[in-house]
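Take a look at the structure set out below.
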Amino acid sequence: MGWILVASAAVILFLQNYPLYIRSVPTENELKFHYMVHTSLDVVDEKISAMGKALVDQRELYLGLLYPTEDYKVYGYVTNSKVKFVMVVDSSNTALRDNEIRSMFRKLHNSYTDVMCNPFYNPGDRIQSRAFDGMVTSMMIQVC
Amino acid sequence: MEGLTLSDAEQKYYSDLFSYCDSESTKKVAAHGRVLELFRAAQLPSDVVHQIMELCGATRLGYFGRSQFYIALKLVAVAQSGFPLRVESINTVKDLPLPRFVASKNEQESRHAASYSSDSENQGSYSGVIPPPPGRGQVKKGSTSHDTVQPRTSADQQEPVSPVVSPQQSPPTSPHTWRKHSRHPSGGNSERPLAGPGPFWSPFGEAQSGSSAGDAVWSGHSPPPPQENWVSFADTPPTSTLLTMHPASVQDQTTVRTVASATTANEIRRQSSSYDDPWKITDEQRQYYVNQFKTIQPDLNGFIPGSAAKEFFTKSKLPILELSHIWELSDFDKDGALTLDEFCAAFHLVVARKNGYDLPEKLPESLMPKLIDLEDSADVGDQPGEVGYSGSPAEAPPSKSPSMPSLNQTWPELNQSSEQWETFSERSSSSQTLTQFDSNIAPADPDTAIVHPVPIRMTPSKIHMQEMELKRTGSDHTNPTSPLLVKTSDLSEETKINSSVKFASGNTVDGYSSSDSFTSDPEQIGNNVTRQRSHSGMSPDNTAPPPPPPRPQPSHSRSSSLDMNRTFSVTTDLCVHTGQQQAGVVAQPPAVPPRPQPSQAPGPVVHRPVDADGLITHTSTSPQQIPEQPNFADFSQFEVFAASNVNEEQDDEAEKHAEVLPVEKASDPASSLRVAKTDSKIEEKTAASAPANVSKGTTPLAPPPKPVRRRLKSEDELRPEVDEHTQKTGVLAAVLASQPSIPRSVGKDKKAIQASIRRNKETNTVLARLNSELQQQLKDVLEERISLEVQLEQLRPFSHL
């Protein structure tokens, strides 16, 4: 289970509840985003467990808005291998629609699978792929 | 060691060389790697090289420090000049020419003696060492596009020519040369005095002969006119192209694919390919790569799995991070395996990296996997290869994702934006999306797929089929011939299409058609109402299996229903014409049994309910019994008739009713009823009037089959009002109507029978449900009718006044 947190700010990817990849656009609040993500991890776990065992196949990968606060919204996405992607966006960023968030998660997921396909990548390592970084950067630039 | 006195030129030269060798900027140069290549390039016997290294202390230290390096260089110069190697030679020999390093391969090429000092730029003296011959690709990294490679390559040289071509310039080739040499020796000479680049390069060594092993990247030296030996080391230093990063961005670096192939490369002159692509793979290089590929995967069209590739490239001793990046660049289709092209690209990148070139952010065009297509998986290479390399990707390599061509086309500008990759990702994402889609098994499929006409009754009684038929039936109302006609436009319920695709077998349709046609028919019949009902109709009956195949018994009933259908259709036509179904329906209702008659008069309202009940009961039973008991048809007719009458009233009173009712008696009460009930609910009226009318016995009951039809009609009439009604009637109509169309069941009997059985069962349930609902409605309507009649009675005295 990895986590990826993206925010108009931060991207954190966590595996087994420890981060695989973290990126935030305004980098100063990274710690705050860490906190947000950790709290949202609980929500994600809750959603995953709520699905039930038999429904794994139908479980929607996109978890949607985990919970909004006055400052930001947290979106979650989990892959079938329990890698969690968390995206934190500013609430002020009202232009972001659900579909856009979904597409962003899809892109993240694709890039993540590309990273995994690399035989030189050991699962559990921090993700240092430049392609992945580039993709995340371009994505966050769009968001911000 | 001992103080080394260097002239200025030497100093400069040596420092350049050192910088060149010191790729990691650690001020130490490993014994292997560039230094080795450099020394090899000096074209000195290996033992001499050993001796030099020993003398300078590198052997002792294990690496070349700056001083050791300088000493070594000096010794090389000494050796090259023919002086014995002695430590003291360093300082004693005066006026030593600068050490010359040339690719061993290029013996033929002239070595330039150094015009080092004079020629700072390039150096013609490079005697082509490096790249073997044929056009080694000149990998000109120099182009601005490869900023990362700058440091080394930033030679200002413009090296337009491919390294191989001797005439070209081999700019910094010297460094390449070095490398090559180092590799070369290891490979070609099989004497690897020094471990050389390590196991990774050993393969090179082996394969050397002719295959290009390493590539030396040459920083482009500004192409000096003489381009002959691009390997001439001696020249290089002065130009220091390699070593110094000249701000000039133009640098062409040609990767030298080295080694052994150098000799062969000589022949191949890429003259100018003029394609200053620093990443181009020369033929020898490619040949070498292909050979390496074969060692891992004999099938040139096959893949090298990621794990094997990982092991192979790990031998190159590059950091995992860089290897990971190289993999990302070269695994074009992101499938975790390398095709020949991908492998060559990866290998090329590794070699480049080992030679100090920084990895590009995006895969250079010349390394695009598509190249393999040109070669047709054979090491064709050669000149054509050259063209191929330089040319835009012929096409995506086999088994590459379709996105490649598009990506390839954009390569030329080397402006691979992330979007390009994004496109690819999108593609992947699309595949991902596809998988998700598949897993979901879009339920809409049946609907969407239905658009085609229904084939002859299909044995498969899948729900899909069912739904298809359901939809189809629903759509085809207007076709009187068979309510089951499948309408292609199931989906577009609104479109009452008369495409009238007949159900191949009414049976199959039963289930659906019953529901659909039921729902659809009434609507159509009644008014050209878009069949929304089809939706509702579908829901309950979506899963209903197709109507069972015709059975002997049912056939009878069906046959009768055939008539019914005919009449039904006729009536439908009439209805259509008149705008109401009632007319037709009414016109042919079967004789009403006497019982209902007493209830004709509005007066004995009491009877009505009874009758109604009776009717209801009859009605309830009729559906099931219709096929078998025409008598019931009468009742149903009665019901239907009454209902139709009522409907008529509501729809359009005067005319149809008049036409329809052959019996005036019926018409009178009907009209009265109509009048009375004009404002009441249509349904109720229908129900109330129907029995009333029927009771009057005016209903000219049509032949037995008609009752069924009538019943259907009544139901149809009711339908418009109530969706439920529609559903039921539709079902009924479908069921009944489907009977006639049984004939098709001839083929595929067994499956058909099973399907029909299933359908029948479902039809039964549907009909039962329908019955109960209709009965309920009937009761309601009758109640209201009673109340209305009571009111009428109350008013009557007043009317007389």
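Naming convention: chains lettered A, B, ... in sequence-line order (proteins, then strands); numbering from 1 in each chain.
Smallest separation of non-hydrogen atoms from Trp327(B) and Pro119(A): CE2-CD, 2.9 Å.
Considering CD of Glu322(B) and CZ of Arg130(A), their distance stands at 7.5 Å, rounded to 0.5 Å.
Chosen from Ile320(B), Leu321(B), Leu323(B), the residue pairing most often with chain A at heavy-atom distances under 4.5 Å is Leu323(B).
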